[in-house]
Each structure stands twice: as structure tokens, then as C-alpha cells.
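Order of the sequence lines sets the chain letters (A, B, ...), proteins ahead of strands, with each chain counted from 1.
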Amino acid sequence: MAGNTEGREVLPDKLEDARQAGGKNSNRCTLILTEGDSSKALAMSGLTSDMRDFYGVYPITGKVLNVRKASPAQINRNKFIQDLTKILKLELQKEYTDTSSLRYGRVILMTDQDDDGTHMSGLLINLFSFLWPSLLKLPSSFLIDFVTPLIKVTHETKEAETFSSLREFKEWKEKDKAHATEWSVKFYKGLGSSTVEEGMLYFNQIDIHVREFVWEGDADGEAINIAFGGDPEKRKEWIRNNNQVDSLPGPRGNKITYKEFVNNELVLFTIANLQRSIPTMFDGLKSGERKIIFTAFKIDLTELTPLDVFSSLVSQHSAYHHSRKCISNVIIRMAQDFIGRNNVNLFEPSGQFGTSASGGKDAANEGYLHTKLKPVAWVLFPKADDDLLEYNLEYGRKLEPTRYFPIIPLVLLNGAKGIGSGFSTFIPQYNPRDVIANIRRGIKCEEMEPMVPWYRDFEGEIKKTGEGVYTSYGKCHDVNDNTVQISVLPIGLWTDDYKKILHALKANNGDPLIEDVSIHNDGSSMVFNVILSKKHKKEARREGYLKKFKLEKNITTTNMHLLMGGLIKKYHSPEEIIKDFYPHRLELYVKRKGKTALALTSEIVKLQRKIQFLKDVNRGVILVVGRLESEIIKELKSGDEKFLELSLTMDQCIELEKELAEKNQEVGHLNSSSAESMYEEDLKKFESMLSESEDLNSRKRGMMAMSCQRTVKPKKTQ
DNA sequence: AGGACGGCTAC
DNA sequence: GTTTGTAGCCGTCCT
């Protein structure tokens with residue numbers, strides 16, 4: 001026991017150690033690693049006092065280090081690995097032939113039943129397989145998966161049933177369709193939604209709630225290495241080979257090989273990670289962004305609303321199951337409009353949403369921010385499309401569309417950055433007018449013009465400087481013999497970061513380029529006055545200020561990935577994206593035309609019948625006066641009793657004939673309009689909206705310049 | 001050539 | 001509740 005207490009002194013506070021851990025019965029002890037503190041609480045309330053002899057619990061907060069891609073130094077300083085090593089008494093480099101030297105004989109992974117939970121399990125498997133592979137190869141499984149139910153159904157009289165997969169639940173529902181509705185269904189979203197009683201039930205029958213991870217051979221190690229190792233090419237290949245996996249994993253047996261886990265389950269996290277990190281080609285939206293837009297339209301977000309309120313509404317309306325703080329951050333990014341961010345922001349930023357001082361990291365807390373949809377949102381996402389889209393469902397409830405079809409590829413206006421698994425993406429921002437022009441060329445089967453990245457209000461230059469490489473340049477000019485003024489920074493270089501760069505140029509020991517820097521705010525942006533010796537200035541001028549002062553930044557088009565029909569597609573130019581995009585948009589107009597024509601036809605038929613009825617009444621063909629309503633209805637073949645709500649005069653008839661003429665005209669207009677001309681109408685609306693905001697912007701800038709002059713002038717006279 | 005870092009949605 | 005550290009990829013910058 002002496003060794004036991006000695007060890008305990010340095011054990012982490014958050015550990016609930018098994019009483020027998022580290023003693024002579026340590027081999028019979030199990031350490032439960034939980035995903036988050038709330039799962040730890042569930043485990044603690046589920047374990048009986050007796051079980052606490054042999055079960056310890058330790059919560060993991062956040063993601064576990066991918067040791068396979070980490071440096072030894074990073075592994076050494078990692079808090080979780082330090083804790084785990086102490087708790088289990090692990091020794092690095094040791095080849096284990098049994099677990100007798102450890103404080104616990106096995107480890108249970110208790111992660112949420114969702115994609116990120118699977119990822120957590122994967123990272124833990126990866127950790128052991130990389131640092132202590134011998135443990136995973138022991139004949140008796142060292143790692144155990146804790147499997148909690150995903151769905152529970154209860155009945156007034158019958159015994160409750162649980163399912164650990166959606167597929168099992170669906171099969172159960174199909175088997176007895178008639179009575180399925182008598183049951184109430186509970187979906188567990190993470191371990192946090194299990195009750196204390198359910199926790200006790202899990203541990204009371206722990207054997208049916210676990211499955212063993214099994215090491216069969218080298219193929220297991222290879223699978224883990226592909227999923228977590230440093231070769232993204234292998235990972236891409238793995239995703240391509242396994243993305244057909246049923247997104248509803250089947251029933252879980254009591255054993256699974258590491259290879260099966262990686263290829264059938266971990267790959268689902270990979271796909272989810274791509275969905276949330278890489279936008280679709282069609283709407284340029286990541287899944288979270290799509291849920292935000294959907295909610296804003298659904299609740300008609302036309303009044304300024306606090307961000308914390310709005311983000312809660314997103315959770316409710318779109319079944320967003322992650323942290324609300326995350327949504328708020330995404331909304332903030334979508335609303336930002338400083339130079340270098342969105343060319344066409346859909347949300348209005350009201351409050352401190354961040355500035356180009358730090359790339360928007362200086363945004364205020366969500367509680368102090370308000371937002372609403374900008375009018376342009378309805379122009380880019382026409383309401384008339386709503387009936388033509390496909391929608392995601394959750395447990396039968398209609399959620400956001402699987403993808404929107406804005407009238408132009410939004411991803412080219414606002415760009416995209418994202419890091420998924422196997423793939424990342426970077427798409428620059430382009431001028432909406434260039435994009436519209438190329439769509440028009442595409443429709444007319446003309447060659448498209450190559451586009452150069454464009455950022456709203458950016459006053460520097462952007463030029464093509466290589467294959468798939470564009471360079472954005474800042475701006476500077478001479479003020480006097482020893483001063484250069486820098487007034488514009490290249491795209492993506494934030495003023496706070498540039499300060500550091502200038503200070504480094506000044507601190508450069510030996511012969512620094514810069515003697516001094518002073519920073520001024522000219523009203524709308526920062527200006528740097530750089531003071532340097534005449535000699536250095538001459539030299540810098542010869543070599544080029546932009547290069548010398550590090551005012552060049554590349555924008556590449558070599559990593560443009562977008563999702564299309566669940567698959568990742570690599571694009572090599574923005575024009576290629578437009579080529580993929582507009583045929584789908586045109587198809588939507590064809591559908592819209594068909595639907596509108598159908599609706600108009602039925603309205604016209606109704607009008608014609610009403611008119612005929614009124615004519616008949618007025619000519620005396622149908623007698624109305626002195627008869628029962630039911631008799632008249634019987635006489636009418638159409639049987640439409642609503643006719644009697646009409647005023648039975650010829651005036652009414654003339655009114656309806658006018659209406660009919662209008663509808664016929666609409667049909668005429670619709671028949672003469674093509675998908676192309678309907679598209680053109682929508683594009684024109686967007687263009688006029690662009691002009692409006694450009695006018696507004698230039699007026700704003702004019703006012704800023706004036707107020708700036710007023711504040712500067714008195715200083716000059718002093 | 002090799003390591004560190006920025007960008008972004010998640011735990 | 002907020003802050004910090006982590007995943008994941010690729011291009012850039014620094015050593």
C-alpha cells in the first residue's frame with residue numbers, strides 16, 4: 001500500500017481513483033476516460049459504492065493530442081498525456097507483455113455517441129497505438145468502448161427498449177408500423193442527456209454496454225496510421241475508398257477490430273468534419289452557416305437582434321447540436337465587413353464586430369452585438385426557390401435545405417477558408433460584377449474572362465504573378481528625405497501583425513533598416529510613418545519599397561476544394577466553379593417556370609368557371625332567387641359552393657373577366673420568358689442592389705474624409 | 001530542408 | 001462563463 005499512497009500524492013485532482021488501483025488487485029481495475037466533465041458525473045452517479053473499488057474515472061476536456069504528428073517536446077508538455085501516464089503508471093518505450101506493472105488493467109473509452117465522440121475515441125486509440133502499441137496487442141483487450149444507447153422508446157404498458165444505432169431503431173419501427181406511434185421516442189444527444197437512473201442502469205449491466213477493441217494484425221496498425229499519420233495523400237485515398245459507408249452504422253457487436261473501427265466508424269467523423277469545414281459548390285456555405293441563414297429567413301430576421309438570442313434560435317430551429325458560442329462566432333464572421341473580409345456580407349454588423357487591426361479577433365462579446373439580415377440576402381436567395389429545394393430532416397422535422405442555390409456562386413464573392421480531414425480549402429474573393437459578367441458569357445456560350453481576386457474597398461493592387469498565384473500589394477509613398485508613409489497593407493496582413501513586422505525591422509541588430517515608426521489613424525484606416533536614414537531610404541527605393549517593407553502577400557488558387565453531392569471536388573480556377581454552377585441555377589428556373597405555370601393554369605380554370613356561373617345566373621340559365629343553396633350546388637357540375645359567396649351581378653363578372661385577362665397576360669409573359677430571361681431578371685436586381693451599396697459606400701467615405709480633414713487642419717496651423 | 005504558424009469550426 | 005489547448009491541411013515565413 002505504500003507505493004499506492006506515494007503515487008496518489010501526484011495524481012491529478014480531477015481523477016476519481018479506483019480504491020484498488022495501484023495495489024495488488026490493480027490488474028482487475030478499470031479506468032474510465034470520459035468525454036467532458038458531465039460524462040464523468042454520469043459515470044460517478046452510475047457506479048455503485050462497491051464498483052468504486054475497481055473503477056476509476058478521469059474526464060478529458062477538449063481534443064486529445066495527435067501524438068503521431070506531434071514533436072516529442074509537444075508530447076512531453078501535454079497535460080493530458082502527463083496525467084494519463086501518472087494515472088496508469090505508464091513508462092515510455094516500455095514493451096508490455098502484461099499489465100501487472102500498471103495501476104489499472106484496462107481502459108474504457110466513454111465518449112459521446114456522435115461524430116466528435118468517435119473522433120475522441122480515435123485519438124485515444126491513436127495515442128496508445130503510437131506510444132504503447134504492445135498494450136493494444138495483448139491477448140486480453142486493453143481498450144474497451146463504452147456503448148450507450150442512441151435511442152430509447154418507452155410505452156405505457158410495455159417494457160422500454162433501447163437502440164445503439166439509428167438503423168436498429170428504423171428496423172424496429174418498420175417491423176410493427178401500426179403500433180410504432182404508441183411509443184414515445186427519446187434521442188440521446190451526447191452522454192449529457194442520460195439521466196442518473198439511466199447511468200445506474202448502464203453500469204448495473206456494464207457487460208452489455210461495452211465492446212472490446214481487438215488487434216488482429218498489421219492491418220489494424222496500418223489503418224490507424226493512415227487516419228492519423230502525416231501523409232494527407234494516403235488519407236485522401238482512404239476517404240475516397242470509404243465514403244460510401246452507410247451513415248447509419250449497424251448494430252454494435254461486443255467486439256470490433258481497430259481496422260473496422262477506423263474504416264466504418266471513424267470515417268463518419270471525417271465526412272462530418274468535411275461537411276462542416278468545406279462549403280458546397282452550390283451555395284458556398286458550410287453546414288453551420290447554412291443553418292444560420294435558414295433560421296434567419298425562417299424567423300424573418302429583419303429587426304436588429306442580440307447575437308446570443310439569435311444563436312439560441314439557430315439551435316432550436318435548425319437542430320444545431322454543438323456549442324452556441326460556436327454559432328455566434330460563425331455569425332460574427334459572416335457579418336464582418338472590414339477590408340479583406342466578405343465582399344457581400346449577408347448580415348448587418350451592429351456593434352464592434354472586429355476590425356482589420358487583428359482580422360476581426362477584436363470583436364466584442366456576443367452579448368453586446370446585434371444583427372439582422374441585409375436586404376441583399378433575399379435577392380441572392382429568392383423566396384420563389386423555397387418550394388424547389390430539398391430539405392434535411394431530423395426525426396421527421398423539416399430543417400434547413402441540403403443546399404441552397406443563390407443566384408450567383410456566393411463562394412466566389414466572399415471566398416472560403418476551411419480545414420477538414422484529408423482536405424482543406426482556400427478560395428479567394430472576387431468582384432460580384434466580374435462573376436455576373438462571366439455567368440452571362442457562360443449562358444451565351446461565350447468564352448469566360450479569367451478573373452483576378454478582388455476585395456471590396458481594397459485600394460492596393462492585385463496582379464497575377466505565377467501559375468495559380470496572385471499577389472496583393474500594399475501602398476506607400478515618400479513624405480520627405482527620411483520618411484516613407486505606408487497607407488495600405490496587402491490583403492490578409494492585419495495592422496497589429498504589421499506593427500510587429502516593422503518593429504522587427506527596427507530591432508534588427510547591427511544595421512536596422514528602420515530608425516523609427518509612428519502610427520496614425522487617418523479616420524478609416526491606420527497609416528504608418530517609417531523613418532529611415534537617407535542611405536537606407538535610397539537603397540530601399542532601389543530594391544523596391546513594397547518588397548523591402550514586406551508589403552506583398554500571395555493569394556493562391558491552388559487549394560480550391562468544394563463539396564458537390566457529398567464528394568470533394570478540386571477546382572483550378574474560379575471560372576471552373578461558375579461553369580459548374582450556372583447550369584444548376586438555370587435548371588431551377590425551368591422548375592420554377594413549370595410550377596408557376598401549373599399554379600396559373602388552375603387559377604385561370606377557377607376564374608373561367610366563376611365567370612361562366614355568373615353569366616348563367618344573369619342570363620337566367622341558373623335560377624338563384626327563392627331556392628335552397630344545396631339545390632343550386634347540386635345543379636352545378638363543379639359543385640363549388642364558394643360561387644354563392646360572389647356578388648351575383650354583371651359588375652362582378654366584368655371584374656373577374658379583368659382578372660382573367662391579367663392572368664392570361666401573366667401566362668403569356670411566362671410562356672415568352674425562358675429560364676435564361678428569368679435568370680437575367682434576378683441578376684439585374686442584384687446589380688442594382690450593388691450600385692446602391694456602392695453609392696452609399698462612397699458617400700460614407702466622403703464624409704469620413706471630411707471629418708478627418710477637420711480634425712487634422714487645426715493641428716497643421718499650430 | 002525542416003519547423004512554426006495562421007486560418008476556422010469543433011471539443 | 002471565459003480562457004486555453006487541441007484536431008485537421010496547406011502555404012508562408014523563419015531558421
Self-check item: Euclidean distance, A/E576 CD relative to A/T557 OG1, rounded to 0.5 Å
Solution: 10.5 Å

Quiz item: What's the CG-C1' distance between A/L274 and C/dG8, to the nearest Å?
Solution: 10 Å

Quiz item: Given atom CZ of A/R324 and atom P of B/dA10, what is their separation to the nearest angstrom?
Solution: 14 Å

Practice problem: Write down the distance between CD1 (A/I60) and C1' (B/dC11), rounded to a whole number of angstrom. | Solution: 11 Å

Practice problem: Find which nucleotide of DNA chain C each of A/E366 and A/R276 is nearest to by heavy atoms, and output the residue with the more 5' nucleotide. | Solution: A/E366

Quiz item: Just how far, in rounded Å, is P of B/dG7 from CZ of A/R341?
Solution: 8 Å

Practice problem: May I have the distance from A/W494 (atom CH2) to B/dG6 (atom P), rounded to whole angstrom? | Solution: 14 Å

Quiz item: How many Å lie between NZ on A/K417 and P on B/dG7, as a whole number?
Solution: 8 Å

Quiz item: Is it the case that A/K372 places NZ or CZ above or below the six-membered ring of A/F347, under 6.0 angstrom from the centre and within 45 degrees of the axis?
Solution: no

Self-check item: Gap between atoms NE2 and P, on A/H561 and C/dC9 respectively (whole Å)
Solution: 12 Å

Exercise. Is it possible for you to check whether A/R68 lies under 6.0 Å from the centre of the six-membered ring of A/F130, through NZ or CZ, and within 45° of that ring's axis?
Key: no

Quiz item: Given atom OH of A/Y498 and atom P of C/dC13, what is their separation to the nearest angstrom?
Solution: 13 Å

Quiz item: How is A/T556 classified with respect to the nucleic acid when contacts are heavy atoms under 4.0 Å: base, sugar-phosphate, or nothing?
Solution: sugar-phosphate

Quiz item: For the residue pair A/M334 and A/L285, what are the closest heavy atoms and their distance?
Solution: CE-CD2, 4.4 Å

